Each structure stands twice: as structure tokens, then as C-alpha cells.
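Report on one structure; see the data block that follows.
If you're wondering where the values come from, they're calculated on a predicted model, not measured in any experiment. Start at 1 and go down the list; that is how both ligands and their atoms are numbered. Only this structure's heavy atoms are used, side chains among them; waters, hydrogens and symmetry mates stay out.
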Amino acid sequence: MVKLGAHMSIAGGYYKAIDAAAELEMDVVQLFTKNNNQWAAKTISDPEVALFSDRLRDTGVTNPLSHASYLINLASPKDELWNKSIDGMSVEWQRAEQLGLDGVVMHPGAFVESTPEQGMQRIVDAIVEISRRVEAKKSWLLLENTAGQGSCLGWSMEQLAWLLERTGESMRVGVCLDTCHAHAAGYDFSTESGFKAWEREAKKLGVLGAIRALHLNDSKKGCGSRVDRHEHIGLGTIGLEGFERVLKNTVLKQWPMYLETDKGLNDDEEEWDAVNMRVLRGLAS
Ligand SMILES: [Zn+2]
Ligand SMILES: [Zn+2]
């Protein structure tokens with residue numbers, strides 16, 4: 001059975017994300033372990049860790065995963081931001097490890113005014129340093145494919161493969177596949193041929209085998225738009241058939257999948273997370 005869930009809020013405590021996921025009958029949950037728009041973070045206390053693991057046990061929610069701060073840019077050409085990002089990402093990974101999470105998802109980085117080649121090398125150098133600092137025994141560092149907006153790297157399977165070849169499993173570095181980002185980056189998940197072409201390429205380059213989690217988001221913008229705008233499942237340019245292919249893919253379906261779609265209520269005053277979960281469950285069965 002496919003394990004499905006969503007990114008949930010930690011307002012009021014880390015365990016609140018688990019409770020909220022359980023309430024909507026989710027199997028898995030993603031959360032921030034700190035304010036995602038700030039560098040500073042209060043240390044996680046032992047009672048908080050205990051409460052978190054108790055709640056996982058009590059609710060049956062599994063595969064907790066975190067998403068790193070949006071401020072981090074491991075491809076930055078500016079030494080100050082680059083060093084701060086290495087510090088910040090090390091903390092994120094340590095916090096994931098402390099809470100016993102499967103891993104922490106991060107966007108590889110943006111090269112801004114440098115070059116893609118320079119940015120890619122910066123990311124590798126940063127990850128090597130981070131993995132030297134963090135002794136992760138459980139948590140993985142997951143590189144998320146991007147939509148390729150602006151100077152964001154990691155949108156193509158070639159780029160992800162290049163990064164994995166220089167980091168990879170020995171450093172506990174894997175991949176989190178975001179469906180919206182892949183589609184926006186130019187891999188047409190709305191058609192059988194487009195998806196198969198992506199799968200062949202990802203397999204050949206060793207990216208498919210490095211995937212350990214998925215973000216399930218439909219896309220507001222078209223295939224190849226390079227614009228990252230999430231849409232509810234089935235209402236975007238990927239569509240229901242696109243998600244059915246992902247949910248039934250023999251390699252992908254073994255990994256936990258998390259929604260990152262807008263919260264709130266639909267016109268029938270039903271929570272969007274509940275709607276999207278129901279749609280996904282229907283497609284998966
Ligand atoms: Zn994502
Ligand atoms: Zn996105």
C-alpha cells in the first residue's frame with residue numbers, strides 16, 4: 001500500500017504535526033523542525049523528542065520527514081551566505097536525526113550571479129563538509145529536484161546525477177522527487193510517453209534508485225514552464241492520470257509520498273488535505 005501524507009504545521013509542538021496527520025488518516029507526515037524563514041533555532045529538548053516518538057507510536061503515523069529552511073543556499077557564490085548555509089544545513093540534519101526522522105529535504109541551491117558549473121561545485125563542497133560534521137545514523141539528506149526557476153539548480157536528472165555521483169549513499173544523500181517541479185522542469189508527467197521517458201532517464205543516470213521520498217503536487221503552470229506553483233491533485237497540468245502513473249509505478253510506490261498543496265477549505269467547506277488524500281487513495285487503489 002502506498003504511504004500518503006502531507007506537510008503539516010508544528011504550531012504548538014512537533015507532535016502537533018503528527019496529531020494533525022493522524023486526524024486526516026494520513027500514513028506519513030512532513031514538518032519543519034524550526035521556523036523556515038529564520039536562521040536561529042531553539043534546541044530541541046529531550047521531552048520534546050520523547051513526546052514526538054510517543055505520538056508516532058500511538059497514532060501509527062510513520063516516515064516523518066523534515067523540509068529545510070528556505071534561506072539555505074549551498075550554491076551561493078557569496079562566502080558569508082555559503083558558510084551560513086553549511087552551518088544551517090548541518091543543524092537541520094542534526095535536528096532531523098535527533099527527532100528520529102527519515103531525513104531532511106533540501107533544495108540543492110541557486111547559483112545567482114555565478115555560473116551553473118560553479119554553483120554545482122559549491123553544492124558538492126558544502127555537502128561534503130556537512131556530512132563530515134553530522135553523524136547521521138538514521139536520517140538522510142534528500143536533494144529535491146527543482147522546477148529550474150531562475151538560477152535554481154537540480155532541476156534536471158543530469159544535474160541530480162552529477163551531485164549524487166560526488167556525494168551519494170555513502171554520505172546518506174538521496175533524492176526527494178517533487179512531481180510539480182519535475183513537470184515544470186520539462187519532464188511531461190501528464191502523458192504516458194513523457195513519464196516513461198523521465199523514468200528511463202532517471203534509471204539510466206542512477207537517480208531513480210536514489211529516490212527515498214516523493215512530494216506529490218500538481219502544477220499550476222505547464223510542462224517546461226520552469227515555474228514552481230503547486231496545484232491540488234488532478235486540477236493542474238499533470239492531471240489525474242499523471243498521478244495514477246506515479247502512484248502505481250513499482251519503484252516509486254515503495255517510498256512515502258507527501259502533499260505540499262495549499263491548505264484551507266474547498267467550496268464544499270472540506271479541508272483540501274482531506275480532498276487531496278481521498279483523490280490519491282482512489283487513484284492508488
Ligand atoms: Zn516539494
Ligand atoms: Zn515547489
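Side chain to side chain, Asn145 and His181 fail the donor-acceptor criterion of an N or O pair below 3.5 Å.
Electrostatic pairing of Arg281 and Glu25 does not count as a salt bridge here, judged by no charged N lying under 4.0 Å from a carboxylate O. Ionic pairing of Lys221 and Asp228 is not present here: no N-O contact between side-chain nitrogen and carboxylate oxygen is shorter than 4.0 angstrom.
Here the side chain of Ser190 pairs no donor or acceptor atom with the backbone of Ile238 at under 3.5 angstrom.
A search for ring-ring contact (aromatic ring centres under 6.0 Å, His included) contacts involving Tyr258 returns nothing, not counting sequence neighbours.
Val227 and Trp155 fall into different hydrophobic clusters, where Ile, Leu, Val, Met, Phe, Trp and Tyr residues are linked whenever their side-chain heavy atoms come under 4.5 Å apart, directly or through other members.
Protein N, O or S atom count below 2.8 Å of the Zn ion (ligand 1): the structure gives 4.
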